[in-house]
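Down below is the structure, laid out as structure tokens.
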Amino acid sequence: MYEAYYGLREKPFSIQPDPEFLYLGRRHALAFTMLQYGIQNRAGFSVICGEIGCGKTTLIRHLLNTLGDELTVGLVYNTHSDIADLLEWIMLAFGQPYEGMSPVARYDAFQRFLIKEYAAGRRAVLIVDEAQNLSAGALESLRMLSNINADKDQLLQVILVGQPQLRDLLKQPQLQQFAQRVAVDFFIPPLTTQEAARYVQHRLHVAGRDEPLFTEGAIALIAKAARGIPRSINILCDMALVYGFGADAQTIDAMLVGEVLADRRDFGVLGTTDPVG
């Protein structure tokens with residue numbers, strides 16, 4: 001709609017997790033480095049936490065694009081607290097048959113899969129997204145799977161990605177043994193106003209525009225309203241560009257952003273009580 005008007009090849013503020021638009025600011029770069037470190041050093045468990053919309057899934061997709069053929073990766077992303085047997089979902093993630101098996105048979109089949117990968121010189125990495133939805137029992141079953149090893153080599157590495165509730169869950173007394181297995185952990189905080197400005201400019205650059213489009217005042221308002229959450233920043237920036245296009249505005253200033261925020265407050269279905277998105 002507004003792309004050609006503002007000299008953009010594509011929409012710069014989609015809320016879809018696109019690795020091409022990943023902004024590796026200091027905090028996200030540290031989180032990514034910790035993930036790489038965990039994989040390279042065969043960490044049993046790595047944990048990455050952050051608020052909804054902070055860019056965790058985009059970070060994981062970027063990680064997947066950098067991994068070599070020596071790693072066999074399974075991704076579990078549709079977690080919920082009522083999962084009766086997490087191993088079924090894990091085997092599905094690795095493309096292994098799981099139906100019609102008893103729990104013991106599934107465990108044996110998964111163990112043989114890990115051993116086969118190890119014998120072929122490959123390492124198995126399991127990534128669990130939205131891990132805050134797992135029950136304490138499911139996490140304990142993951143810990144038991146991490147006991148599968150060959151001599152001193154651990155055959156399964158696990159990366160848990162989740163919202164702040166995951167951090168709280170891992171602090172529960174019944175998960176003390178699990179927490180002791182976590183070798184790498186990092187919490188991604190919200191962006192500061194200065195980081196938000198660099199984030200917005202980065203996404204504009206990837207979309208084809210290097211000339212500044214948002215004023216400092218506009219960015220400050222957006223960052224405050226979005227509470228530093230990238231997804232919420234995207235939503236507000238996208239809406240501001242729609243308003244700017246409709247008003248034939250060459251730049252997005254604080255007055256225009258204020259209009260967007262006022263309209264969301266007065267006429268939006270969700271209002272602005274909570275972070276956008």
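Model, not experiment: these values are computed from the prediction.
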*List the atom of Leu59, the atom of Ala31, and the distance in Å for their closest heavy-atom pair.*
CD2-CB, 3.6 Å

*Test side chain to side chain contact (heavy atoms under 4.5 Å, CB included) on Arg167 and Lys171 and set out the steps.*
CA-CA 7 Å; Arg167 180 175 55 180; Lys171 291 180 180 179; 3.9 Å; yes

*Does the side chain to side chain contact (heavy atoms under 4.5 Å, CB included) test come out yes or no for Leu35 and Ile39, once each step is laid out?*
CA-CA 6 Å; Leu35 286 170; Ile39 288 177; 5.6 Å; no

*Tell me, which pairs form a side chain to side chain donor-acceptor pair (under 3.5 Å) where one or both residues lie in residues 40-66, sequence neighbours left out?*
Thr57-Asp129

*Please check if any side-chain donor atom of Glu130 sits under 3.5 Å from a side-chain acceptor atom of Gln132, or the reverse.*
yes

*Can you check whether Phe110 reaches Gln96 side chain to side chain, under 4.5 Å on heavy atoms?*
no

_Side chains of Glu259 and Met255 in contact at under 4.5 Å (non-hydrogen atoms)_ = no

_Backbone N/O of Met101 and side chain of Arg106: donor-acceptor pair under 3.5 Å_ = yes

*asked:* Using the rule that Ile, Leu, Val, Met, Phe, Trp and Tyr join whenever any side-chain heavy atoms are under 4.5 Å apart, tell me whether Tyr243 and Leu221 fall into a single cluster.
replied: yes

*To the nearest 0.5 Å, how far apart are CG in Asn147 and CG in Leu142?*
11.5 Å

*Kindly work out whether a path of hydrophobic side-chain contacts (I/L/V/M/F/W/Y, heavy atoms less than 4.5 Å apart) joins Leu241 to Val206.*
no

*Hey, could you give me the CZ/CD1 distance between Arg112 and Ile148, rounded to the nearest 0.5 Å?*
11.5 Å

*Please work out whether the ring planes of Tyr5 and Phe245 are parallel, tilted or perpendicular, with thresholds of 30° and 60°.*
perpendicular

*Hey, could you give me the CG/CG distance between Leu126 and Leu86, rounded to the nearest 0.5 Å?*
7.5 Å

_If we ignore hydrogens and angles and just use 3.5 Å, is the side chain of Gln157 paired with the main-chain N or O of Gly38 as donor and acceptor?_
yes

_For Glu10, is the CD atom crowded, meaning more than 12 foreign heavy atoms sit under 6.0 Å from it?_
yes

_Tell me the closest heavy-atom pair linking Ile229 and Cys54, and the distance in Å._
CG2-N, 4.1 Å

*What's the spacing between Phe45 CZ and Leu156 CG if we round to 0.5 Å?*
7.0 Å

*Do you know the tightest heavy-atom contact between Ile219 and Thr193?*
CG2-O, 4.0 Å

Show me, pair by pair, the donor-acceptor contacts under 3.5 angstrom made by side chains of residues 182-191, not counting sequence neighbours?
none

*Could you tell me whether the side chain of Leu160 reaches within less than 4.5 Å of the side chain of Leu139, counting heavy atoms only?*
yes

_Among Leu256, Asp266, Ile222, Leu236, the one residue meeting side-chain contact (heavy atoms from CB on, under 4.5 Å) with Leu261_ = Leu236

*Could you tell me whether Glu70 atom CD has more than 12 heavy atoms of other residues or ligands within 6.0 Å of it?*
yes

*His28 and Phe32: CA distance, side-chain angles, deciding distance, side chain to side chain contact (heavy atoms under 4.5 Å, CB included) verdict*: CA-CA 6 Å; His28 285 78; Phe32 184 70; over 6 Å; no

*asked:* Testing the basics here: between Thr215 and Ala254, what is the closest heavy-atom pair and its distance to 0.1 Å?
replied: OG1-N, 3.7 Å

*If you take all heavy atoms of Met144 and Tyr107, which pair is closest and at what distance?*
O-OH, 4.5 Å

*Is any side-chain heavy atom of Arg264 less than 4.5 Å from a side-chain heavy atom of Ile235?*
yes

*Can you tell if the side chain of Met239 reaches within under 4.5 Å of the side chain of Asp263, non-hydrogen atoms only?*
no

*Can you pull the salt bridge (Lys or Arg N to Asp or Glu O under 4.0 Å) pairs that have at least one residue in residues 15-29, sequence neighbours excluded?*
Arg27-Glu195

*Do Leu204 and Tyr2 share a hydrophobic cluster (ILVMFWY, side-chain heavy atoms under 4.5 Å, transitive)?*
yes

*Enter the distance from Leu169:CG to Gln174:CD here, rounded to the nearest 0.5 Å.*
7.5 Å

*Scan residues 233-253 for pairs that pass salt bridge (Lys or Arg N to Asp or Glu O under 4.0 Å), counting only residues two or more places apart or in two chains.*
Lys11-Asp238

*Applying the 4.5 Å side-chain criterion to the ILVMFWY set and letting contacts propagate, would Leu22 and Leu8 be lumped into a single cluster?*
no

*asked:* Please tell me whether Tyr199 and Leu30 are part of a single hydrophobic cluster in this structure, the criterion being side-chain heavy atoms less than 4.5 Å apart.
replied: no

*Could you list the residues that satisfy ring pair (Phe, Tyr, Trp, His ring centres under 6.0 Å) with Phe94, not counting sequence neighbours?*
Phe113

*Mind running side chain to side chain contact (heavy atoms under 4.5 Å, CB included) on Val158 and Leu145 for me, showing each step along the way?*
CA-CA 10 Å; Val158 181; Leu145 289 177; over 6 Å; no

_CG/Asp210: more than 12 non-hydrogen atoms of other groups inside 6.0 Å_ = yes

_Sequence-distant partners of Arg122, salt bridge (Lys or Arg N to Asp or Glu O under 4.0 Å), two or more places apart_ = Glu117

*Looking only at heavy atoms, what is the nearest atom pair of Cys237 and Val200, with distance?*
SG-CG2, 3.8 Å

*For the atom pair CZ (Arg143) and CZ (Phe178), what is the distance rounded to the nearest 0.5 Å?*
9.0 Å

